[in-house]
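In what follows, a single structure is set out as structure tokens and then discussed.
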Amino acid sequence: MSRIDPLLAKEQIQVIDTVENWEIAVEIASEPLLKSKMIAHTYLDNMIKSVEEHGPYMVLTDYFALMHAKPGVGVNEQSMSLLVVKNAVDMKEKAVKIFLILAAKDSESHLEKLQEIMSIFMDEVKYQTILSGNKEQIIQLLT
């Protein structure tokens, strides 16, 4: 089942075994968007700053963090990227394996895509597939 407009381009999906800390995980997750200039470093810095200031509120469920910052600030193009870390990393006392970066241009235009991707993450079988860290299966699921 391929989509004309994929939720995530396969170049924006990464799987690694382990990472030193959550800040580095967010940096790695953001790399594809930074390289393609979809986001600026400001956006990356703001995501990290937001967790530092407000705690791990972006961890929505076990092992899953929906990383974002203020819409439009440092966002050149609406985009998403995904990093799966096979060994959970601690984010302010919450274990995280999945870092989904959501870069929104404004407060509304991303909502449809977000709803679409969250329906995948809410499906227990699909969620477990992503959690397992099999990059090929993840790509198949999301592109």
Between Glu77 (side chain only) and Lys37 (backbone N and O only), is there a donor and an acceptor less than 3.5 Å apart?
no

Interatomic distance, CZ@Phe121 vs CG@Leu100, rounded to 0.5 Å, equals 5.0 Å

Does any non-hydrogen side-chain atom of His110 lie less than 4.5 Å from one of Met80?
no

May I have the step-by-step check of side chain to side chain contact (heavy atoms under 4.5 Å, CB included) for Lys92 and Val59, ending in yes or no?
CA-CA 10 Å; Lys92 305 277 183 191; Val59 181; over 6 Å; no

Please check if the number of heavy atoms outside Glu53 that lie under 6.0 Å from its CD is greater than 12.
yes

Is there a side chain to side chain contact (heavy atoms under 4.5 Å, CB included) between Met58 and Trp22? Walk through the geometry before answering.
CA-CA 12 Å; Met58 294 187 210; Trp22 69 267; over 6 Å; no

If we count only N and O atoms by modelled type, under 3.5 Å, do the side chains of Tyr57 and Ser50 hold a donor and an acceptor together?
yes

Once rounded to the nearest 0.5 Å, what's the spacing between atom CD1 of Ile39 and atom CE of Met47?
5.0 Å

Take a 6.0 Å sphere around CZ of Phe64 and say whether it holds more than 12 heavy atoms from other residues, nucleotides or ligands.
yes

Carefully, step by step, assess Glu124 and Gln128 under the rule side chain to side chain donor-acceptor pair (under 3.5 Å).
CA-CA 6 Å; Glu124 190 58 34; Gln128 289 304 321; 2.8 Å; yes

Determine whether Ile117 and Leu8 make a side-chain contact, defined as any pair of heavy atoms from C-beta on separated by less than 4.5 Å.
yes

Donor-acceptor contact present, side-chain Ser81 to main-chain Gln12, <3.5 Å:
no

So CD1 of Ile28 and CG of Leu34: to nearest 0.5 Å the spacing works out to 12.0 Å

Is it the case that more than 12 heavy atoms not belonging to Glu93 sit under 6.0 Å from its CD atom?
no

State whether the number of non-hydrogen atoms from other residues, nucleotides or ligands found under 6.0 Å of Glu20 atom CD is greater than 12.
no

Could you state the interatomic distance from CE (Met67) to CG (Asn46), rounded to the nearest 0.5 Å?
11.0 Å

Asn87 side-chain N/O to Asp17 backbone N/O, donor-acceptor pair under 3.5 Å
yes

Within this structure, what is the CD-OG distance for the pair Gln78 and Ser109, rounded to the nearest 0.5 Å?
4.0 Å

Report the C-alpha distance between Asn134 and Thr129 in whole Å, list the side-chain angles of each, state the deciding distance to 0.1 Å, and finish with yes or no for side chain to side chain contact (heavy atoms under 4.5 Å, CB included).
CA-CA 7 Å; Asn134 181 316; Thr129 298; 5.9 Å; no

Lys105 side chain vs Asn76 backbone, donor-acceptor pair below 3.5 Å
yes

